[in-house]
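Below: one structure, written as structure tokens.
In what follows, chains carry the letters A, B, and so on, assigned in the order in which the sequence lines appear, proteins first and then strands, with residues in each chain numbered from 1.
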Amino acid sequence: MPELPEVETIARGVDTRIRGDRIVEAWFSNHPQPFKTAPERQVEGLEGRMILGVHRTGKHIVCELGDLSGAKTGQSSAQWIVHLGMTGRLLVTTPAGPVANHTHARLTLASGREIRFVDPRRFGRLELRDLEQGAVFRGAGKEPLNIAADDFAALFRGRKLAIKAALLNQTLLTGVGNIYADESLFRAGIRPRRRAGRLTRAELECLRVALKTVLEHAIRLGGSSVSDYVDADGVRGFFQLEHCVYLRTGQPCRTCNTPIRRILIAGRGTHYCPQCQH
DNA sequence: CATTTCACCTGGTGGC
DNA sequence: TGCCACCAGGTGAAAT
């Protein structure tokens with residue numbers, strides 16, 4: 001489901017609701033796919049721990065966990081890392097609420113609330129990282145919201161793949177997915193099939209600013225709800241109403257009325273305006 | 001190494 | 001109503 005703006009919205013919502021709470025009990029489903037760390041080890045590492053805070057890194061939601069001994073050091077000693085895949089949801093509810101189909105994790109908290117991870121397609125992943133060795137989780141790629149112009153341009157130098165495919169590569173930039181790749185390329189006036197290494201410095205700078213602008217705007221609107229995306233409270237976002245090209249195949253461009261085209265790049269549906277983008 | 005393709009899953013939609 | 005093809009916010013392994 002979610003890209004940077006949706007993950008940011010969810011992480012913020014979860015953080016305000018469960019920061020300072022304590023995990024009393026952890027339950028996991030029997031499907032093996034969602035677990036990057038074995039469920040038994042996650043139960044062991046989660047139960048009894050304090051949640052110090054929740055934040056986003058790339059498309060990952062990171063829950064910082066306190067010491068197992070319960071000592072109030074404020075120092076994170078472990079991380080519970082949630083990747084939502086295509087259809088994952090992370091919800092804060094009460095234990096009494098009806099349990100949705102495809103619920104793969106339930107963490108009951110000391111306050112009486114409950115965190116649930118629901119994921120029909122099971123492309124999402126849950127991981128527990130012990131930080132005793134000091135290995136803080138960080139995605140491989142750069143964050144598009146604060147990358148410098150020089151660093152952004154350097155990412156694409158000499159690359160022969162389509163700029164759209166490069167934007168989706170999480171080892172270059174982290175957090176950009178199919179919606180915001182298409183929307184930022186439209187805003188920058190760049191065709192998605194252009195080879196990344198052939199873009200001029202001016203075009204790349206235009207793209208960096210467009211990407212940042214689009215992502216920040218989407219965060220303000222609570223993300224895009226294309227089918228079933230909801231935030232930590234089950235509320236939909238509103239950025240889908242502002243999409244210029246994504247899933248608008250055949251509809252008139254908002255700028256020039258030319259029908260939006262859909263092509264395949266890197267196996268992903270790609271939407272652009274043949275008039276506005278060069 | 002860089003790049004492309006495909007498998008992994010369920011569910012919704014639209015055509016016949 | 002049923003059946004089928006196709007599409008969907010992602011990513012990592014295998015192939016080229």
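One finds a side-chain N or O of A/Gln170 lying less than 4.0 angstrom from the OP1 or OP2 phosphate oxygen of C/dT11.
The nearest whole Å value for the distance from the CD1 atom in A/Ile179 to the P atom in C/dA8 is 11 Å. Rounded to whole angstrom, the span from the CZ atom of A/Arg125 across to the P atom of C/dT11 amounts to 11 Å. A/Tyr246 has its OH atom 11 Å from the C1' atom of C/dG10, to the nearest Å. Whole-Å rounding puts the A/Leu168 CG to C/dA8 P distance at 13 Å. Put simply, CD1 on A/Ile163 is 13 Å from P on B/dT4, counting in whole angstrom units. The distance from atom CG of A/Asn169 to atom C1' of B/dT3 is 10 Å, rounded to the nearest whole Å. Between A/Arg159 atom CZ and B/dT4 atom P there is a gap of 11 Å when expressed in whole angstrom units. The nearest whole Å value for the distance from the CZ atom in A/Arg193 to the C1' atom in B/dT3 is 15 Å.
In terms of the side chain to side chain donor-acceptor pair (under 3.5 Å) criterion, residue partners of A/Arg106 (sequence neighbours excluded) are, by chain and number, A/Glu114. In this structure A/Gln275 satisfies the side chain to side chain donor-acceptor pair (under 3.5 Å) test with no other residue, sequence neighbours excluded.
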Which letters describe nucleotides 5-11 of chain B, given B = protein heavy atom under 4.0 Å from base, S = only from sugar-phosphate, - = neither?
-> ---BBBS
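Across all strands, A/Arg262 comes closer than 4.0 Å only to sugar-phosphate atoms, never to a base (heavy-atom distances). Here A/Tyr180 lies out of heavy-atom contact (under 4.0 Å) with every strand.
Taking all atoms of both residues into account, the shortest heavy-atom contact from A/Gly45 to A/Leu128 is CA-CD2, 3.5 Å.
Here the options are A/Leu215, A/Val176, A/Leu167, the test is side chain to side chain contact (heavy atoms under 4.5 Å, CB included), and the partner is A/Ser184; only A/Leu167 passes.
Residues A/Val14 and A/Ile61 are not in side-chain contact: their nearest non-hydrogen atoms beyond the backbone lie 4.5 Å or more apart. For the pair A/Glu242 and A/Leu221, the minimum side-chain heavy-atom distance is below 4.5 Å.
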Check the pair A/Tyr246 / A/Tyr272 against ring pair (Phe, Tyr, Trp, His ring centres under 6.0 Å), numbers first and verdict last.
-> CA-CA 8 Å; A/Tyr246 181 74; A/Tyr272 71 102; over 10 Å; no
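Judged purely by atom type and a 3.5 angstrom limit, A/Asp130 has no side-chain atom pairing as donor or acceptor with the backbone of A/Ala78. Side chain of A/Thr103 to main chain of A/Val118: no donor-acceptor pair is present (N/O by atom type, distance under 3.5 Å, no hydrogens or angles). A/Glu3 places a side-chain N or O within 3.5 Å of a backbone atom of A/Ile179 that can act as its donor or acceptor partner.
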Starting at the 5' end of DNA chain C, what dot-bracket string do you get if Watson-Crick and G-U pairs under 3.5 Å are bracketed, crossing pairs use [ ], other-strand pairs use | and unpaired bases use dots?
-> .|||||||.|||||||
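Candidate nucleotides B/dT3, C/dA8, C/dT11 were compared by shortest atom distance to the side chain of A/Lys160, and B/dT3 ranks first.
If you chain together ILVMFWY residues whose side-chain heavy atoms come under 4.5 Å of each other, A/Ile260 ends up grouped with A/Phe186, A/Val245.
Annotation: C/dA14 and B/dC9 have their P atoms spaced 15 Å apart (nearest Å).
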Protein-nucleotides 13-16 of chain C N/O pairs under 3.5 Å:
none

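Toward the 5′ end of DNA chain C lies the nearest nucleotide of A/Leu247, the other residue of the pair A/Leu247 and A/Lys36 mapping further downstream.
Under the 6.0 Å cut-off for aromatic ring centres, A/Phe28 and A/His104 do not qualify, their centroids lying 6.0 Å or more apart.
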